[in-house]
Amino acid sequence: MKTLAALPKQTSAPAKLISPSTAARTPTRIAPAVSTESQFVPLIHASKVVLHLRQIHAQILLQGFSWSSLLATQLVSASSLRNAIDYSISVFSQYHPKNVFLFNALIRGLVKNARFEVALSHFVLMLRSDARPDRMTYPFVLKSTAQLFLRRLAGELHCMIFKTGVELDSFVEVSLADMYVKIEELGYALKVFDESPHRLDSRSTLLWNVLINGCCKKGDIVKAMELFHTMPGRGIKPDEVVFLALLTACTHAGQVDLGLNIFDSMRLDYQIDPSMKHYSLIVDLLGRAGRLNEALKFIEEMPINPDLVIWGTLFCACRAHKNVEIAEFAVTKLLELEPKHPGSYVFLSNAYAAVGRWEDAERVRSSMQDKGVGKGPGWSHVEVDGQVHRFVAGDNAHHKDANEIHQKLEEIMSGARKQGYMPGTEWVLHNIEEEEKEDALGSHSEKLALAFALIQTSPKTAPIRIVKNLRICGDCHSLMKYASIMSQREIIVRDIKRFHHFKDGTCSCGDYW
DNA sequence: CTAGGGTTAG
């Protein structure tokens, strides 16, 4: 099959294509390119499946001369949004020369599909090409950098934006601030915020949310509340998202009453209807603090029907506080919801296991795998010398340093045991998503990442920074503390909820998270 | 004459 690159380009040979002799022989080919393009664009947008896109692609190929970067861009963009990122990459690589639109479409698609490393490598290709990154490029590049915790690149990108005079519109600013939040440089995030001409725009709620969320993630609820309270005075209307951040922070800080006040204020002072997420945060807030009866009462008085997350949250709280009675009630409710909610498997399986119904637990677990509804494996990554290394729970066999990592892990664990570390088997059953198989405890992805980083980096250098896609489990949390003592290193884990700083045997979250 | 965008939480 001919590749797109091999086809004559419309701009390079127009004279030849419309010459009378050519036109006479191939009359269908003299239609103006513009009309051909405009004919394809809506088709691409209307395509629901990748197969359609491939058919359109083939059709465009048949009319080779009207192939344009616009169509290529549309194809790349449409296929990436339909979960066919590999097809996007192949269209992208076939079209030359690549302009800024094409690069942007691909980078955006890669980010939407969580292929952050690949997104960054295409950004590098872009820098080496004639296409110059613009204000549409940076939000995605910044997002990738943030996700991968690449602190050095973060600064370089900010410089690049500044030096090349890319317009700092509110999108770029939000992305910049959020990147600094995610790499835990709250000071820089605040600087971006303070210098933003958009921050007092009534539509700048997002920028405020990013900052407040940053404070919450770091555990600085005082600063978060301070920022929050300055919003109305500046004409910024808090939205439902900022309350999610604040309530989560209250839960992590054990500030139950503050959280309840914020929840009331959200409804009464700001007229925001709580969503299911807000309700489950309150259940978590009460539950974690051991106020289980109140949590139950709260659920029963909710104006909407509690979903499985709510019952699952209550169930986890009951287990932590060893309240069998309410736990069983929560399990009953979870069972009632089972047929309707394909996402309930993790909770349900744990609930069965907790009441000793191992066969049911196993049945749920395997049907979860059959239907492919698992939340995906836990993974962690860690950066060493600018390279991102990713680890998946229980599976480091393919890693080239698998033996060394395993050995190092053994060494850490036995050292920790001497200092009082007890492998926390209760976490095997805890609802920390997918990683709870017994043998997986010793090979959780964050442990693998830690061992790898300790091998690869020399003592007393920069902190080890690990990113984890789920919440860190209690056993790993405990081991990290011992590891921070033995290695004399600072270890930072950014999990899905917040930052954990391990130093000299303690964690910044105060073990309540 | 020009396609494409940011916060919770993947």
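Per chain, numbering begins at 1; letters A, B, ... match sequence-line order.
- Closest to the A/F140 side chain, of the nucleotides B/dT8, B/dA3, B/dG5, is B/dG5.
- In this structure, the ring of A/F391 has its center no less than 6.0 angstrom from the ring center of A/H444.
- Side chain to side chain, A/N99 and A/S69 meet the donor-acceptor criterion of an N or O pair below 3.5 Å.
- Between A/F171 atom CZ and B/dT7 atom C1' there is a gap of 12 Å when expressed in whole angstrom units.
- Put simply, NZ on A/K468 is 14 Å from P on B/dG10, counting in whole angstrom units.
- Across B/dT7 and B/dA3, the matching C1' atoms stand 25 Å from one another, rounded to whole Å.
- Atom NZ of A/K143 is separated from atom C1' of B/dG6 by 9 Å (rounded to the nearest Å).
- The residue A/V210 sits close only to the backbone: its heavy atoms come under 4.0 Å of sugar-phosphate atoms, none of a base.
- Comparing B/dT7, B/dT8, B/dG10 by their nearest atom to the side chain of A/N209 picks out B/dT7.
- With A/R494 contributing its side chain and A/Q147 its backbone, the two residues share a donor-acceptor pair below 3.5 Å.
- Here ring-ring contact (aromatic ring centres under 6.0 Å, His included) pairs that include residues 222-265 of chain A, with residues two or more places apart or in two chains, are A/F228-A/F243, A/F228-A/Y270, A/F243-A/Y270, A/F263-A/Y279, A/F263-A/F298.
- Using a 4.0 Å heavy-atom criterion, one finds that A/T73 contacts the bases of the nucleic acid, with or without backbone contacts as well.
- Across the protein-nucleic acid pair, A/L176 atom CG and B/dT7 atom P stand 13 Å apart, rounded to whole Å.
- Nearest nucleotide to the side chain of A/L206, out of B/dG6, B/dG5, B/dA3: B/dG6.
- Spacing between atom CZ of A/F103 and atom P of B/dG5 amounts to 19 Å, rounded to whole angstrom units.
- Put simply, CE on A/M231 is 11 Å from C1' on B/dT7, counting in whole angstrom units.
- Ranking B/dA3, B/dG6, B/dT7 by closeness to the A/S175 side chain, first place goes to B/dG6.
- Residue contacts shown for A/S170 include a base, since a base heavy atom lies under 4.0 Å away.
- Relative to the side chain of A/R108, the nucleotides B/dG5, B/dG6, B/dT7 differ in distance, and B/dG5 lies closest.
- Note: A/H389 and A/H381 fail the aromatic proximity criterion, with ring centroids not under 6.0 Å apart.
- Nearest nucleotide to the A/N99 side chain, out of B/dT7, B/dG6, B/dA3: B/dA3.
- Residue A/I496 is classed as a sugar-phosphate contact, given heavy-atom separations below 4.0 Å to backbone atoms only.
- Distance NZ (A/K218) to C1' (B/dT8): 19 Å, rounded to an integer number of Å.
- Between the base of B/dG5 and the side chain of A/D169 there is a donor-acceptor pair shorter than 3.5 Å.
- Within the 4.0 angstrom heavy-atom criterion, no nucleotide atom of any strand lies near A/N113.
- Rounded to whole Å, the separation between the P atoms of B/dG6 and B/dT2 comes to 22 Å.
- Residues A/F171 and A/Y138 keep their aromatic ring centres 6.0 Å or farther apart.
- Closest approach to the A/Q147 side chain among B/dG10, B/dT8, B/dG6 is made by B/dG10 (side chain taken as heavy atoms from C-beta onward).
- Taking every side-chain heavy atom of A/P139 into account, B/dG5 is the closest of B/dT8, B/dG5, B/dA3.
- Atom-to-atom, CG of A/L168 to P of B/dG6 comes out at 17 Å; the value is rounded to the nearest Å.
- The base of B/dA3 sits within donor-acceptor range of the side chain of A/S69, with an N or O pair under 3.5 Å.
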